[in-house]
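Data first, discussion second: the structure below is written as structure tokens.
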Protein chains: 2
Amino acid sequence: MASDQTRSAILAAAERLYADRGFGDVTLRDIVAEANVNLAAVNYHFGSKDELIAELFVTRSIALNRERLAELKAAEEQGGGRPPIDVILRALVGPTLRGCLGPANQRSTAARFMIRASIESVPPIRRIKNREIDHLRKFAAAMRRALPNRSDEEIYWGLHFALAMAHHTIRESERLTKLSEGKCDLDDVDGIIERVVGMAVMGLTAGKAESKTPAKVAAR
Amino acid sequence: MASDQTRSAILAAAERLYADRGFGDVTLRDIVAEANVNLAAVNYHFGSKDELIAELFVTRSIALNRERLAELKAAEEQGGGRPPIDVILRALVGPTLRGCLGPANQRSTAARFMIRASIESVPPIRRIKNREIDHLRKFAAAMRRALPNRSDEEIYWGLHFALAMAHHTIRESERLTKLSEGKCDLDDVDGIIERVVGMAVMGLTAGKAESKTPAKVAAR
DNA sequence: TTGCAATTCAAACAGTTGTATGAAACTATC
DNA sequence: GATAGTTTCATACAACTGTTTGAATTGCAA
């Protein structure tokens with residue numbers, strides 16, 4: 001056990017490098033150089049490169065799910081167990097968007113790492129990823145309670161599209177800035193969240209007026 | 001020059017393998033085995049692995065852009081130069097969705113390769129990708145003409161979200177099927193296209209009724 | 001201090017990668 | 001049918017990968 005210093009230095013360096021450059025071209029030698037530890041330390045502390053990645057992903061995955069669920073639970077408690085749809089969706093996409101966008105200096109390495117993991121499907125992560133399904137189902141259930149008149153199919157498409165807009169905005173933020181010549185403000189995270197949530201709510205509630213809190217149209 | 005047989009065998013094999021397994025873990029030896037040619041043939045005909053990938057991407061990129069623009073032009077000619085917004089968006093996302101979804105046996109290798117290229121950002125492709133911006137600008141211009149009352153910012157966000165939903169649906173189609181326990185029919189490509197287009201149009205036209213063809217709400 | 005386990009380290013290992021080489025086989029022209 | 005140019009082939013190469021090894025060092029208990 002001892003200090004754990006080396007161990008966590010490796011974890012931090014690996015997460016930073018993976019978040020920045022992707023899994024494809026980050027070698028163990030890159031990681032140990034960044035962490036200022038010996039090459040063999042990785043295999044000593046983690047067994048293998050894959051197990052290092054897996055531990056990183058499991059840790060962050062649990063943390064993200066916890067963050068999302070905490071936001072959902074908080075809303076359920078103060079909303080009498082049935083929070084409106086926009087609050088649910090905000091709990092789903094908010095944590096990731098806040099972690100990955102906004103001023104460059106305060107973006108979270110953890111969130112950026114998770115986005116990498118959701119893009120580059122490397123074997124050790126692929127094996128774990130199935131748990132995410134169960135996590136998403138909890139949000140689908142909450143959405144169903146908020147929109148009892150919608151079919152399951154509509155619920156799932158709404159959930160899917162909300163994640164689509166959030167993730168794509170993170171992945172292609174640079175391109176969107178370039179394309180729009182800066183007219184789309186990628187630093188206004190809250191604005192983006194409202195935009196994504198508003199859009200998803202609109203799709204989910206179109207044609208029916210069932211929610212007490214109607215879709216917030218076109219954020220900001 | 002001669003037969004070009006080897007050359008195109010390599011291109012076809014490489015495209016198929018990259019589309020299936022991504023750039024990360026496809027080696028030159030995998031490619032030449034699939035193509036039944038000698039290892040040295042790749043460097044002889046293309047110079048390097050990167051140049052092979054680049055040629056593949058340039059070819060397919062041009063083809064996809066041509067397909068999209070052809071659909072747009074066709075609509076412009078029969079629509080008097082100003083086609084409605086949903087037709088424009090259909091021309092943008094239709095080709096890729098049709099190529100990547102639907103019955104597994106008739107998916108296009110080319111389209112799946114392009115999705116891979118849009119996900120895994122490998123150096124030779126990254127260098128070329130800037131051209132895509134110019135291509136997307138043409139669609140932004142058409143959208144502006146269809147929705148003259150919308151700000152540029154709204155136009156770009158609409159374009160961005162349309163691509164987000166299309167690409168994410170392709171990338172995560174398996175997860176969506178699993179999550180929804182088959183309730184979301186990923187084989188109904190036209191239905192999906194209408195869903196994506198309908199959603200984007202809704203976001204773009206919310207609050208204002210300016211288009212002759214209002215958003216088709218909730219596809220199918 | 002002595003002893004023992006945990007940790008670090010430099011070095012080497014075996015495997016795989018993209019690329020280069022030079023001879024062999026082919027193709028077409030004269 | 002000899003010749004010149006193109007294409008194929010087996011093989012080798014150098015660089016890089018993750019992993020292992022065994023000795024050195026450290027930290028701590030007796």
Side-chain angles (χ1 to χ4, degrees), chain A residues 1-58 113 116-117 120-128, chain B residues 1-58 113 116-117 120-128:
Chain A
M1 273 294 159
S3 72
D4 259 0
Q5 208 172 330
T6 305
R7 221 186 117 87
S8 34
I10 292 173
L11 282 171
E15 181 169 47
R16 192 156 2 115
L17 289 179
Y18 285 142
D20 285 345
R21 304 174 8 204
F23 298 97
D25 47 31
V26 171
T27 73
L28 281 190
R29 282 167 179 82
D30 293 334
I31 294 173
V32 299
E34 179 87 358
N36 274 310
V37 302
N38 187 270
L39 174 58
V42 174
N43 290 277
Y44 176 79
H45 284 282
F46 298 93
S48 71
K49 186 190 189 186
D50 279 9
E51 290 174 85
L52 165 61
I53 295 180
E55 168 153 347
L56 223 34
F57 180 69
V58 169
F113 170 84
R116 280 285 181 196
E120 290 182 42
S121 182
V122 54
I125 289 182
R126 208 172 315 154
R127 277 180 241 118
I128 306 168
Chain B
M1 277 294 159
S3 71
D4 260 1
Q5 207 170 331
T6 305
R7 221 187 117 88
S8 34
I10 292 172
L11 283 170
E15 183 169 44
R16 192 158 0 117
L17 289 179
Y18 284 142
D20 284 346
R21 303 174 6 205
F23 297 98
D25 47 31
V26 171
T27 73
L28 281 190
R29 284 167 176 83
D30 292 335
I31 295 173
V32 299
E34 179 87 357
N36 273 311
V37 302
N38 187 271
L39 173 59
V42 173
N43 290 276
Y44 177 79
H45 284 281
F46 298 93
S48 71
K49 185 192 188 184
D50 279 8
E51 290 175 84
L52 165 62
I53 295 179
E55 169 154 346
L56 223 34
F57 181 70
V58 169
F113 170 83
R116 281 284 182 196
E120 289 182 43
S121 183
V122 55
I125 288 182
R126 210 173 314 156
R127 278 181 239 120
I128 306 168

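Treat the numbers as computed from the prediction; the structure is a model and nothing was measured. Chain letters run A, B, ... following the sequence lines, proteins first and then strands; every chain starts at 1.
Minimum interatomic distance between B:K49 and B:L28 (heavy atoms only, all atoms of both residues): CG-CD2, 3.8 Å.
With B:E15 contributing its side chain and B:L56 its backbone, the two residues share no donor-acceptor pair below 3.5 Å.
Between the P atom of C:dA12 and the CG atom of A:L28 lies a distance of 20 Å, rounded to the nearest Å. The CG atom of A:D25 sits 17 Å away from the P atom of C:dT17 (whole-angstrom rounding). C:dT8 atom C1' lies 15 Å from atom CG of A:D4, rounded to whole Å. Nucleotide C:dT17 holds its C1' atom 6 Å from the CZ atom of B:R29, rounded to whole Å. For the pair B:I10 CD1 and D:dT7 P, the interatomic distance rounds to 12 Å; values are reported in whole Å. Rounded to an integer number of Å, the gap from CD1 of B:I31 to C1' of C:dT19 is 14 Å. Nucleotide C:dT19 holds its C1' atom 14 Å from the CG atom of B:L52, rounded to whole Å. Between the CG atom of B:N43 and the C1' atom of C:dT17 there is a distance of 12 Å, given to the nearest Å.
The side chain of B:S48 places no N or O atom within less than 4.0 Å of a non-bridging phosphate oxygen (OP1 or OP2) of C:dG18. At D:dT6, none of the side-chain N or O atoms of B:H45 fall inside 4.0 Å of OP1 or OP2 (strictly under the cut-off). Put simply, B:N38 has a side-chain N or O that comes within less than 4.0 Å of OP1 or OP2 on D:dA10. A sub-4.0 Å separation between OP1 or OP2 of C:dT16 and a side-chain N or O of B:T27 is absent.
Nearer to the 5' terminus of DNA chain D, by closest-nucleotide assignment, is the contact made by B:R7 (compared with the other of A:V42 and B:R7).
Comparing C:dT8, D:dG18, D:dT11 by their nearest atom to the side chain of A:K49 picks out D:dG18. Comparing D:dT19, C:dT19, D:dT6 by their closest approach to the side chain of B:L39 singles out C:dT19. Listed nucleotides: D:dG18, C:dT17, D:dT7. Nearest to the side chain of B:Y44: D:dT7.
If you check every strand for non-hydrogen atoms under 4.0 Å, A:A40 touches a base.
Taking the six-membered ring where the residue is Trp, B:F23 and B:F113 present perpendicular rings, their angle passing 60° and hence far from 30°.
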Could you go step by step and tell me if B:I53 and B:Y18 meet the side-chain contact (heavy atoms from CB on, under 4.5 Å) rule?
CA-CA 9 Å; B:I53 295 179; B:Y18 284 142; 3.7 Å; yes
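Here the options are A:D25, A:I31, A:D30, the test is side-chain contact (heavy atoms from CB on, under 4.5 Å), and the partner is A:T27; only A:D30 passes.
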